[in-house]
Amino acid sequence: MDCIFCKIANKELPAVISYEDPDVVVFDDLHPRAPIHKLIIPRKHISTLNDLAESDKPLAGHLMYTAQRLAKELGIAEDGYRVVMNCNAGAGQAVFHIHLHLLGGRAMTWPPG
Ligand code: DGP
């Protein structure tokens, strides 16, 4: 499959990986929008949030739990951070392998626009 995030998870493409386990990989975003900008992906290829199956519910929870655990480890949990998943091109999704953006280290406005 020609998916850049599958290739990063399989170490066929380089990335600055900060965490990995049998189900999840975390690496720095190539175009960071904040001092801390991590991408949290499942190893399993799922194209969009719309493609999440009921059997993927534990995996989705694992992604979210990884985000809060990393936020604490990185020291941004108390000040605040943002976790985002874009779904489809209309919402800005550019890479069609689901990923959570973990953004922190600066003040953020709401709504994001
Ligand atoms: P999204 O727009 O939600 O699909 O976010 C995709 C993000 O992926 C975007 O912030 C830039 C990042 N990205 C794209 N290609 C690469 C890559 O080859 N390596 C890394 N580390 N990040 C990438």
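Atoms within each ligand, like the ligands themselves, are counted from 1 in listed order.
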Review point. Among protein heavy atoms, which lies nearest atom 21 (N) of ligand 1, and at what distance?
Key: D28 O, 2.9 Å

Review point. Rounded to the nearest 0.5 Å, how far does CD1 of I4 lie from CD of E12?
Key: 12.5 Å

Review point. Which ligand 1 atoms does G92 reach within 4.0 Å, using its non-hydrogen atoms?
Key: 1 (P), 2 (O)

Review point. Which residue and non-hydrogen atom of the protein lie closest to atom 15 (N) of ligand 1, and at what distance in Å?
Key: I4 CD1, 3.3 Å

Practice item. Determine, stepwise, if the pair Y19 / F27 fulfils ring-ring contact (aromatic ring centres under 6.0 Å, His included). Key: CA-CA 7 Å; Y19 174 78; F27 52 93; over 10 Å; no

Exercise for review: Output the list of atoms in ligand 1 that are nearer than 4.0 Å to some heavy atom of I8, sorted by atom number.
Suggested key: 19 (N)

Point to revise | H99 neighbourhood, listing ligand 1 atoms whose heavy-atom distance to it stays under 4.0 Å | key: 1 (P), 3 (O), 4 (O), 5 (O), 6 (C)

Study note, to complete from the structure: Separation between CD1 (I41) and CG (D23), nearest 0.5 Å, reads 11.5 Å

Check your understanding: What's the spacing between L39 CG and H97 NE2 if we round to 0.5 Å?
Key -> 10.5 Å

Check your understanding: Do V95 and ligand 1 have an N or O pair less than 3.5 Å apart?
Key -> yes

Check your understanding: Just by distance, do the side chain of H62 and the backbone of P58 share a donor-acceptor pair under 3.5 Å?
Key -> no

Review point. With atoms numbered from 1 as shown, which atoms in ligand 1 lie under 4.0 angstrom from a non-hydrogen atom of H101?
Key: 1 (P), 3 (O), 5 (O), 7 (C), 10 (O)

**Study point:** Closest protein heavy atom to atom 20 (C) of ligand 1, given as residue, atom name and distance to 0.1 Å
**Key:** L30 CB, 3.5 Å

**Study point:** Spatial distance of atom CG (N86) from atom NE2 (H101) [nearest 0.5 Å]
**Key:** 5.0 Å

Practice item. Output yes when a side-chain donor or acceptor of H45 lies under 3.5 Å from a complementary backbone atom of R43, and no otherwise. Key: no

Practice item. Could you say whether the N/O atoms of F5 and ligand 1 ever approach to under 3.5 Å? Key: no

Study note, to complete from the structure: Among T48, D29, I98, the residue with a heavy atom nearest to atom 7 (C) of ligand 1 is D29

**Study point:** Closest non-hydrogen atom pair between A67 and L102, with its separation
**Key:** O-CD2, 3.9 Å

Exercise for review: Using a strict cut-off of 4.0 Å, indicate which atoms of ligand 1 neighbour a heavy atom of A94.
Suggested key: 1 (P), 2 (O), 4 (O)

